[in-house]
Amino acid sequence: QVQLAESGGGLVQAGGSLRLSCVASGLSFSTLAMGWFRQAPGTEREFVARISRSGGSTSYANSLKGRFTISRDNAKNTVYLQMNSLKPEDTAVYYCAASSMIATSTSPYDHWGQGTQVTVSS
């Protein structure tokens with residue numbers, strides 16, 4: 001059974017930082033690209049960041065470059081999202097996802113976690 005379990009969300013003041021984690025089980029983690037997406041109420045799920053199988057290639061939404069960093073530890077079956085200088089507009093549910101291909105859209109991702117809430121207060 002494939003499971004992606006996010007953690008690390010919470011309430012933080014603007015300017016603060018959070019580190020999200022996503023632990024994968026039931027799949028061959030090191031053979032899959034991983035991505036982070038987010039969804040605010042009333043909006044579509046949007047791309048945040050993605051990382052290749054080895055971690056050697058990363059990509060970010062243009063608006064998030066320089067503030068967010070995606071990384072992975074294949075020995076721990078875990079992908080991370082370090083979020084710095086958080087803004088109220090970063091408030092959303094954050095999801096990790098796994099894909100057999102590197103992608104920035106949602107459709108190639110086969111497996112999704114349940115999400116973790118991030119709330120940034122002003």
Checklist entry - Got a sec, which residues hit side chain to side chain contact (heavy atoms under 4.5 Å, CB included) with Gln117, two or more places apart in sequence or on another chain? => result Thr91, Val93, Thr119
Item to check | side chain to side chain contact (heavy atoms under 4.5 Å, CB included) against Ser85, all qualifying residues, sequence neighbours excluded | outcome: Arg67
Next on the checklist: Assess the residue pair Arg45 and Trp112 against the criterion (side chain to side chain contact (heavy atoms under 4.5 Å, CB included)); give the C-alpha distance rounded to whole Å, side-chain angles, the decisive distance to 0.1 Å, and a yes or no.
Outcome noted: CA-CA 12 Å; Arg45 195 167 296 187; Trp112 292 83; 3.3 Å; yes
Checklist entry - Does anything in residues 17-40 pair up under salt bridge (charged side-chain N to carboxylate O under 4.0 Å, His left out), and if so which pairs, sequence neighbours excluded? => result Arg38-Glu46, Arg38-Asp90
Item to check | Steps toward side-chain hydrogen bond (donor to acceptor under 3.5 Å, both in side chains) verdict (Asn84, Ser17) | outcome: CA-CA 4 Å; Asn84 298 328; Ser17 297; 3.0 Å; yes
Checklist entry - Counting distance only, does the side-chain N/O of Thr116 pair as donor-acceptor with the main-chain N or O of Ser7 below 3.5 Å? => result no
Item to check | Donor-acceptor contact present, side-chain Gln13 to main-chain Ser122, <3.5 Å | outcome: no
Checklist entry - What are the two closest non-hydrogen atoms of Phe47 and Ser59, and how far apart are they? => result CZ-O, 3.5 Å
Item to check | Heavy-atom closest pair, residues Thr104 and Phe37 | outcome: O-CE2, 3.9 Å
Checklist outcome for this item: Rounded to the nearest 0.5 angstrom, the OG-CZ distance for Ser21 and Arg72 is 13.5 Å
Checklist entry - Are the side chain of Ser63 and the backbone N or O of Ala61 linked by a donor-acceptor pair below 3.5 Å? => result no
Checklist entry - Mind checking who shares a hydrophobic cluster with Val2, ILVMFWY linked at side-chain heavy-atom distances under 4.5 Å? => result Leu4, Val12, Leu18, Leu20, Leu27, Phe29, Leu32, Met34, Trp36, Val48, Ile51, Tyr60, Leu64, Phe68, Ile70, Val79, Leu81, Met83, Leu86, Tyr94, Val118, Val120
Checklist entry - How would you list, by chain and number, every residue that makes a side chain to side chain contact (heavy atoms under 4.5 Å, CB included) with Ser52, sequence neighbours excluded? => result Ser54, Ser57, Ile102
Checklist entry - Is there any salt bridge (charged side-chain N to carboxylate O under 4.0 Å, His left out) pair reaching into residues 22-34, and which pairs are they, with sequence neighbours excluded? => result none
Item to check | Donor-acceptor pair, side chain of Tyr109 and main chain of Ala103, under 3.5 angstrom | outcome: yes
